Student: 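Quick one: the structure is below, questions incoming.
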Amino acid sequence: MKIKPVGNKLLVRRDRVADETKTESGLVLPSVAREQPSTATILAIGEKVESYKPEQKVYLPRFCGTNVLAGTDQLTLIEVDDILALCEEG
């Protein structure tokens, strides 16, 4: 299935975190018990989005957007105003 955002929406893939995390005390936290990552990669943009392009990495609030399933990929549809900052290497 191909998802094409409309208007000022973007389709992003949040960066993955390890499936399990072990705390300092040895407790194992499953992925559902942890917060979502705050960085993501833009996959597609709506026709009204001018400031961003696919493949850019961005910072997002931990809980924003609408989660969608495209095949086996977990993706998120967000509004352009949800983006907090660009991730730039260097």
Side-chain angles (χ1 to χ4, degrees):
M1 172 192 318
K2 184 170 175 129
I3 299 173
K4 173 70 175 144
V6 296
N8 68 342
K9 304 281 192 283
L10 298 97
L11 183 67
V12 299
R13 175 180 290 122
R14 289 188 182 265
D15 293 341
R16 293 185 55 96
V17 292
D19 287 337
E20 291 184 344
T21 300
K22 191 178 277 191
T23 65
E24 290 180 19
S25 62
L27 295 174
V28 177
L29 298 175
S31 59
V32 295
R34 288 175 286 143
E35 294 182 359
Q36 293 183 338
S38 60
T39 57
T41 302
I42 297 173
L43 301 177
I45 60 174
E47 65 274 1
K48 293 184 180 178
V49 178
E50 298 176 1
S51 304
Y52 303 99
K53 52 189 172 220
E55 301 303 318
Q56 282 185 307
K57 294 196 60 88
V58 294
Y59 284 102
L60 302 172
R62 294 202 187 273
F63 303 103
C64 73
T66 302
N67 293 328
V68 294
L69 195 60
T72 58
D73 290 333
Q74 180 77 28
L75 307 175
T76 305
L77 277 168
I78 63 167
E79 291 191 26
V80 72
D81 291 338
D82 289 336
I83 295 175
L84 301 173
L86 287 173
C87 302
E88 295 181 357
E89 293 185 26

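Since the structure is predicted, the reported quantities are computational estimates derived from the model, not experimental observations.
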Student: How far does CG of Leu86 sit from CD of Gln56, to the nearest 0.5 angstrom?
Tutor: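 Reported to 0.5 Å precision, the distance equals 5.0 Å.
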Student: Please report the interatomic distance CG(Asp81) to CG(Asn8), rounded to the nearest 0.5 Å.
Tutor: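 If I round to the nearest 0.5 Å, the distance is 6.5 Å.
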Student: Which residues pass the side-chain hydrogen bond (donor to acceptor under 3.5 Å, both in side chains) test with Ser51, not counting sequence neighbours?
Tutor: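 With sequence neighbours excluded, Ser51 shows a side-chain hydrogen bond (donor to acceptor under 3.5 Å, both in side chains) to no residue whatsoever.
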Student: Assess the residue pair Val68 and Leu11 against the criterion (side-chain contact (heavy atoms from CB on, under 4.5 Å)); give the C-alpha distance rounded to whole Å, side-chain angles, the decisive distance to 0.1 Å, and a yes or no.
Tutor: CA-CA 9 Å; Val68 294; Leu11 183 67; 4.1 Å; yes
Student: So, using side-chain contact (heavy atoms from CB on, under 4.5 Å) as the criterion, who are the partners of Leu84 when residues are at least two apart?
Tutor: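 If we apply the side-chain contact (heavy atoms from CB on, under 4.5 Å) test to Leu84, skipping adjacent residues, the hits are Tyr59, Pro61.
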Student: Assess the residue pair Arg14 and Leu60 against the criterion (side-chain contact (heavy atoms from CB on, under 4.5 Å)); give the C-alpha distance rounded to whole Å, side-chain angles, the decisive distance to 0.1 Å, and a yes or no.
Tutor: CA-CA 9 Å; Arg14 289 188 182 265; Leu60 302 172; 4.2 Å; yes
Student: State, to 0.1 Å, how close Ile3 and Ala44 come at their nearest heavy-atom pair, and which atoms those are.
Tutor: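 Closest approach of Ile3 to Ala44: O-CB, 4.5 Å.
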Student: Within this structure, what is the CG-CD distance for the pair Leu43 and Glu55, rounded to the nearest 0.5 Å?
Tutor: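 So the gap between those two atoms works out to 7.0 Å.
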Student: A side-chain contact here means heavy atoms from C-beta on lying under 4.5 Å apart; do Val58 and Leu10 qualify?
Tutor: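 Counting from C-beta outward, Val58 and Leu10 never come under 4.5 Å.
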Student: Does Glu47 reach the main-chain N or O of Gly7 with its side chain, forming a donor-acceptor pair under 3.5 Å?
Tutor: yes
Student: For residues Gln74 and Leu69, determine if any side-chain heavy atom of one lies less than 4.5 Å from a side-chain heavy atom of the other.
Tutor: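 Answer yes - side chains close enough.
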Student: To the closest 0.5 Å, what do you measure between NZ (Lys53) and CD1 (Ile42)?
Tutor: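 So the gap between those two atoms works out to 10.0 Å.
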Student: Please list, chain by chain and in numerical order, all residues satisfying side-chain hydrogen bond (donor to acceptor under 3.5 Å, both in side chains) with Asp73, sequence neighbours excluded.
Tutor: Arg13
Student: What's the separation between atom CG in Leu75 and atom OG1 in Thr66, rounded to the nearest 0.5 Å?
Tutor: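 The OG1 atom of Thr66 is 12.0 Å from CG of Leu75, to the nearest 0.5 Å.
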Student: Could you tell me which non-hydrogen atom of Cys64 sits nearest to which non-hydrogen atom of Ile78, and how far apart they are?
Tutor: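 Reported closest heavy-atom pair: SG-CG2, 4.0 Å.
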